[in-house]
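One structure is given below, encoded as structure tokens.
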Amino acid sequence: MLNPYSFVHEKKYFQVISSGFIHADWMHLIFNMLSFYFFALDINGGVPLEYMMTSAVGQVGHLYFGLIYFASMALGDLSTIIKQKDNPKYYSLGASGAITGVVFSFILFAPDSRLSFFFMPNMPAPLFAVLFVVFSIIGGKSRRTNINHDAHLWGGLVGFIMTIILFPGILQNFIAALPGLFHF
């Protein structure tokens, strides 16, 4: 698990990756893996993200997909590490930062897609992203759950930024698609 105290004071840097392979329980693991499957591999019978990446840049798209996943996992924890570096009792685990990075990368590639999430109805993907960010910010300020909302927020941001860096022109395509998306 990620323990920011031991990451900083004992130099256990591997924790930003190893923590992404452990989950609190079966539901946590299943939720993350289903999210990964739907956004990275299937997307409701549509075009998978990794295919979109290889279509855009060739075989290096596979490498870019992995880079976005692992960078979102590792860098998504930085905020938590900074906030909790002197708290030896704080632990975090799961691949949520990586999964959110993949989701936000997908949204850049397919802004015209429509997404649903539990209580959120079928909506344009960019609106889903905005609501997810708002929910993560509010959740991060709340101390009522053990969910690392900062990892969701920063993992998504890393996935978004890395996609823009690795795929020149994607931000312009995303922005150009926005005006026609908000019809319900």
Side-chain angles (χ1 to χ4, degrees), residues 1-4 7 13-56 59 61-81 90-111 113-136 139-140 145-163 166-167:
M1 288 195 294
L2 172 66
N3 173 247
F7 179 91
Y13 303 131
F14 65 89
Q15 291 179 352
V16 293
I17 298 297
S18 64
S19 64
F21 291 98
I22 6 180
H23 290 77
D25 53 34
W26 282 106
M27 286 307 296
H28 184 203
L29 175 65
I30 290 168
F31 184 80
N32 273 347
M33 292 302 95
L34 280 174
S35 298
F36 180 78
Y37 173 77
F38 287 122
F39 286 97
L41 305 174
D42 178 72
I43 201 56
N44 302 319
V47 179
L49 175 61
E50 192 169 5
Y51 180 81
M52 288 188 256
M53 290 181 173
T54 56
S55 294
Q59 292 302 307
H62 297 295
L63 175 64
Y64 288 176
F65 179 85
L67 283 172
I68 290 169
Y69 183 88
F70 284 105
S72 296
M73 179 188 293
L75 297 176
D77 283 331
L78 284 181
S79 172
T80 301
I81 291 167
Y90 183 90
Y91 288 88
S92 178
L93 49 74
S96 298
I99 303 300
T100 309
V102 167
V103 170
F104 277 51
S105 181
F106 172 82
I107 291 170
L108 276 170
F109 270 93
S113 62
R114 299 185 73 78
L115 306 175
S116 297
F117 183 75
F118 293 117
F119 58 89
M120 295 179 177
N122 188 17
M123 68 184 78
L127 178 59
F128 175 91
V130 169
L131 292 174
F132 190 88
V133 167
V134 169
F135 177 77
S136 294
T145 70
N146 289 327
I147 297 171
N148 185 354
H149 291 283
D150 286 348
H152 295 130
L153 179 64
W154 294 103
L157 183 63
V158 169
F160 190 83
I161 291 170
M162 285 199 64
T163 303
L166 295 172
F167 297 91

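Put simply, CZ on F167 and CZ on F109 are 4.0 Å apart, with the number rounded to the nearest 0.5 Å. Distance check, rounded to the nearest 0.5 Å: CD1 of I81 to OH of Y90 gives 10.0 Å. Of the inter-residue distances, the one linking L157 atom CG with S136 atom OG reads 11.5 Å to the nearest 0.5 angstrom. Taking CG of L63 as the reference point, atom OG1 of T54 lies at 12.5 Å (rounded to 0.5 Å). Between the CZ atom of F65 and the CZ atom of F70 there is a distance of 9.5 Å, given to the nearest 0.5 Å. Here the straight-line distance linking atom CD of Q15 with atom CG of L93 works out to 11.0 Å at 0.5 Å rounding.
Between F36 and Y69, the ring-plane angle classifies as perpendicular under the 30° and 60° cut-offs.
Considering only heavy atoms from C-beta on, H28 comes within 4.5 Å of S96 through its side chain. Contact annotation: the side chain of H149 approaches that of F135 to within less than 4.5 Å [non-hydrogen atoms, C-beta and beyond].
Closest approach of D77 and V16 over heavy atoms only: OD2-O, 4.0 Å. Listed here is the closest heavy atom pair of M73 and I17: SD-O, 3.5 Å. Here the shortest heavy-atom pairing between M33 and I99 reads CE-CD1, 4.5 Å. Listed here is the closest heavy atom pair of P111 and L108: CD-O, 3.5 Å. Listed here is the closest heavy atom pair of S92 and S19: O-CB, 3.8 Å. Between A125 and A110, the closest heavy-atom pair is CB-O, 4.1 Å.
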Begin with the C-alpha distance, continue with both residues' side-chain angles, and end with the deciding distance and a verdict on side-chain contact (heavy atoms from CB on, under 4.5 Å) for V130 and V133. CA-CA 5 Å; V130 169; V133 167; 5.8 Å; no
Under the side-chain contact (heavy atoms from CB on, under 4.5 Å) criterion, do N148 and W154 qualify, and how do the steps go? CA-CA 10 Å; N148 185 354; W154 294 103; over 6 Å; no
Stepwise, does the side-chain contact (heavy atoms from CB on, under 4.5 Å) test hold for H62 with M53? CA-CA 7 Å; H62 297 295; M53 290 181 173; over 6 Å; no
Criterion side-chain contact (heavy atoms from CB on, under 4.5 Å) on F132 and V103, from CA distance to verdict: CA-CA 11 Å; F132 190 88; V103 170; over 6 Å; no
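The side chain to side chain contact (heavy atoms under 4.5 Å, CB included) test with S105 singles out one residue from I161, L49, V158, and that residue is L49.
With S72 contributing its side chain and G155 its backbone, the two residues share a donor-acceptor pair below 3.5 Å.
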